[in-house]
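Notes to accompany the following structure.
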Amino acid sequence: MSDDTELATEAQIAVHWKEEQYFEPSQAFIAQANMQDASIRERFSEENFPECYREYADMLDWFKPYDQVLDSSNPPFWKWFVGGKLNVAYNCIDRHLAQHRNKAAFIFVGEPEEEEPYAMTYQELWVRVNEMAALLRDHCGLKAGDRVTLHMPMTLELPITMLACARLGVVHSQVFGGFSGKAAGDRIADSGSDWLITMDAYWRSGKLIDHREKVAPALEEAKSLGKTGVKVLVWQRYPGKDSSKTPMVEGRDAFVNDILKDYRGKRVEPVHMDAEAPLFLMYSSGTTGKPKGCQHRTGGYLAYVAATSKYIQDIHPSDTYWCMADIGWITGHSYIVYGPLAIGATSVVYEGTPTFPDHNRPWRIAERLGVNIFHTSPTAIRALRRLDPDAPSKGPQNFKHMTTVGEPIEPKAWRWYHEQVGKGKAVICDTWWQTENGGFLISTVPALEKMKPGSAGPGLPGVYPIILDDDGNELPAGSGKAGNLCIRNPWPGIMQTIWGDDERYVDTYYRRFCKNPDSKDWRDWPYISGDGAIDAEDGYYRILGRIDDVINVSGHRLGTKEIESACLTVAEVAEAAVVAVHDDIKGTVPEVYVSVPVNVTDRDAVATKVIRACEDIIGKIARPERVYVVPDMPKTRSGKIMRRVLGAISNRRDTGDVSTLANPEVVEEIRILVQSR
Ligand code: WT7
């Protein structure tokens with residue numbers, strides 16, 4: 001990368017901790033594990049690729065068997081389980097009914113502690129999904145291939161709606177409930193959705209939040225992008241009662257709970273979908289301002305999340321499994337809804353914040369429901385540790401298995417999780433993957449491989465990671481050197497493309513290190529993750545963080561360009577630059593630099609407007625940690641903003657040689673401004 005485009009990346013600020021000792025899974029865990037057979041590595045070795053993945057596809061029920069495991073004749077547009085037909089809702093619900101109709105599919109825990117947990121059986125889920133599917137088909141006129149945008153909070157109506165879409169082959173696009181209306185509007189327009197499905201309100205940190213107020217800005221934004229006539233369905237948090245103060249719009253908005261009355265007892269045959277039909281879109285931030293609609297397929301995706309739920313999460317029929325994430329992110333799609341249900345498990349859905357009304361809430365929920373598999377993010381672990389480091393060891397929870405995901409976890413936090421939360425006996429899987437990937441790609445197989453705090457582990461069986469240098473040369477295995485983390489082979493969970501933008505898909509994930517663009521051999525098309533990593537001697541990967549202009553805040557991805565464009569909507573802001581800054585709890589956080597014309601003197605007012613713009617346009621999650629209003633940006637002679645210099649100042653690092661800048665004097669001025677705060 002040339003000097004003037006170099007960015008303040010996460011990988012540059014990554015903490016380089018020392019190699020750690022290994023931890024062994026307990027004999028008790030090993031004895032009960034779903035995957036105890038070390039020959040899985042052999043079965044999924046490169047000689048057996050791609051046929052090895054039959055084993056995963058065989059975990060599903062197919063209406064029509066597939067003819068070919070992988071069609072890689074048009075790289076990088078991979079096709080999995082070609083010719084096969086199946087239905088995701090059928091696999092997640094119907095096929096479990098004969099034996100497990102009375103088993104809880106979901107246990108819903110509302111945030112208010114006085115509301116009792118609610119267990120929804122597979123039978124009831126089946127009824128509710130059928131009725132909702134009938135409504136979507138007959139009331140909304142939706143059919144296979146149509147897209148629907150969901151902007152829903154963490155209640156069971158969200159997976160019900162997703163599964164109802166899947167039953168029909170309708171492509172759902174769930175937007176994280178905490179995102180702004182405008183963010184939902186962009187995704188409505190990009191996906192071409194005629195319907196927005198939302199909820200009136202939900203509980204968060206003790207407040208019943210008016211969620212319907214986001215509908216108007218969403219539709220306004222969609223309209224500004226040319227998408228008009230969007231209709232709105234509103235679920236009620238408390239059926240029969242409207243919990244939002246925002247008026248309903250006649251002819252546009254309707255309550256799902258009202259219309260559903262006409263669909264009582266209706267049943268809908270699961271549509272036989274092509275293995276390659278898109279199942280859902282999940283928008284994710286990239287290096288430009290426009291989020292990418294990661295398009296996930298039906299057969300490969302479901303096979304991959306089912307198998308990884310069974311072997312990496314180690315979920316058994318008798319377990320109670322809780323992934324404390326939001327269904328609005330890929331983690332929730334794959335490991336709250338689709339993976340666990342595909343294997344007939346019981347999955348806990350918690351509505352609120354982990355620290356409401358206090359930081360012992362997660363352990364009380366775990367005790368009450370008998371949770372024995374727990375899944376969360378390093379940010380949540382660090383936050384709980386800070387609030388009360390001794391609390392969990394005295395808590396009632398009893399975990400056999402714990403997962404972390406979303407960001408690197410430093411050995412100190414890992415050991416606390418292991419000793420205090422897991423009481424020294426739970427295994428930990430540090431799972432590395434991305435929205436684009438569908439499911440875990442790097443982790444230890446819990447009963448077969450030792451844990452090493454601070455390192456995610458080796459590639460999963462059938463996944464062959466490599467580290468490439470900036471020229472695309474492969475670093476030897478176990479080199480211990482940092483480089484670009486790539487995956488050499490396609491796998492069934494990988495996205496199909498970016499919705500409506502094949503070229504951007506190729507450009508973002510494959511172009512740079514493709515050995516030969518005419519090649520029809522998958523070996524010439526490594527997948528580029530955008531992360532930096534080190535492959536240690538033992539074959540364990542240590543993830544260093546993003547090397548592109550993407551920031552990972554509390555395990556959620558934000559594009560710096562997205563935040564910068566939000567800042568630029570403030571009239572007084574002339575230029576904006578966003579950098580990633582190390583944070584003890586959230587891993588990294590965005591800091592914003594804006595320059596204003598000399599006649600603007602009320603800098604605090606500008607900073608406040610910038611924060612509000614980020615919250616309104618993207619969501620609270622994009623709230624900058626700090627805003628610096630500076631006289632000018634450090635720039636190259638060609639006028640490019642040097643984010644690297646700003647990143648160094650924010651992270652209290654050496655800025656390096658700045659003498660070649662167009663305005664080197666401004667660097668010192670900014671440093672004083674920032675470091676005096
Ligand atoms: C980015 C993907 C799908 C997981 C949730 C986030 C970072 C993810 C780990 C891990 C270190 C991790 C990477 C990746 N990341 N898991 N175990 N250790 N870093 O999904 O929003 O698509 O973000 O999260 O930087 O590129 P996402």
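For ligands, and for the atoms within them, numbers begin at 1 and follow the listed sequence.
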When only distance counts, is Ser529 in polar contact with ligand 1, meaning an N/O pair under 3.5 Å?
no
Show which atoms of ligand 1 fall inside a sub-4.0 Å distance from at least one heavy-atom site of Val405.
4 (C)
So His375 and Tyr321, would you call those rings parallel, tilted or perpendicular, with 30° and 60° as cut-offs?
perpendicular
Out of all atoms in ligand 1, which are within 4.0 Å of some heavy atom of Asp531? Include the element for each.
13 (C), 14 (C), 25 (O), 26 (O)
Which residue, Trp525, Trp491, Tyr527, forms the side chain to side chain contact (heavy atoms under 4.5 Å, CB included) with Trp78?
Trp525
Please name the pair of heavy atoms, one in Asp470 and one in Arg512, separated by the smallest distance, quoted to 0.1 Å.
O-NH2, 3.1 Å
With the side chain counted from C-beta on, respond yes when Leu150 and Ile197 share a heavy-atom pair under 4.5 Å apart, and no when they do not.
yes
Quick one: does Thr331 get an N or O within less than 3.5 Å of an N or O on ligand 1?
no
Relative to the heavy atoms of Ile543, which atoms of ligand 1 are at a distance of less than 4.0 Å?
11 (C), 18 (N), 19 (N)
If we only count N/O pairs under 3.5 Å, is Glu10 in contact with ligand 1?
no
Looking only at distances, please establish whether an N/O atom of ligand 1 is found under 3.5 Å from an N/O atom of His556.
no
Check: Trp80 ring centroid to Tyr56 ring centroid under 6.0 Å
no
Measure up the Tyr22 and Tyr540 rings against each other and bin them: parallel (under 30°), tilted (30 to 60°), perpendicular (over 60°).
perpendicular
Under 4.0 Å from one or more heavy atoms of Gly555, ligand 1 contributes atoms 6 (C)
Can you find a non-hydrogen atom of Ala456 under 4.0 Å from ligand 1?
no
Looking at Arg557, which atoms of ligand 1 are within less than 4.0 Å of one of its heavy atoms?
2 (C), 21 (O), 22 (O), 23 (O), 27 (P)
Contact check: Gly406 vs ligand 1, nitrogen or oxygen atoms, below 3.5 angstrom
yes
As a quick check of understanding, evaluate side-chain hydrogen bond (donor to acceptor under 3.5 Å, both in side chains) for Ser191 and Ser193, giving each step before the final call.
CA-CA 6 Å; Ser191 61; Ser193 299; 2.8 Å; yes
Please determine if Arg382 and Glu410 form a salt bridge, counting it only when a charged side-chain N lies under 4.0 Å from a carboxylate O.
yes
Check: Thr435 N/O within less than 3.5 Å of ligand 1 N/O
yes
Contact (N/O only, under 3.5 Å) between Thr431 and ligand 1:
yes
Please find out if less than 6.0 Å separates the ring center of Tyr510 from that of Tyr505.
yes
Among all protein heavy atoms in this structure, tell me which lies nearest to atom 10 (C) of ligand 1, with the distance rounded to 0.1 Å.
Glu407 O, 3.6 Å
If the cut-off is 4.0 Å to any non-hydrogen atom of Ile330, which atoms of ligand 1 fall inside it?
3 (C)
Under 3.5 Å, is there a donor-acceptor pair linking the side chains of Thr353 and Glu111?
yes
For Thr404, is at least one N or O under 3.5 Å away from an N or O on ligand 1?
no
Which residue and heavy atom of the protein sit nearest atom 2 (C) of ligand 1, plus the separation:
Trp433 O, 3.7 Å
Below 4.0 angstrom from a heavy atom of Asn552, which ligand 1 atoms are there? Numbered from 1 as shown, please.
1 (C), 7 (C), 24 (O), 25 (O)
Is the positively charged end of Arg187 above the ring of Phe179, judged by distance under 6.0 angstrom from the centroid and angle within 45° of the axis?
yes
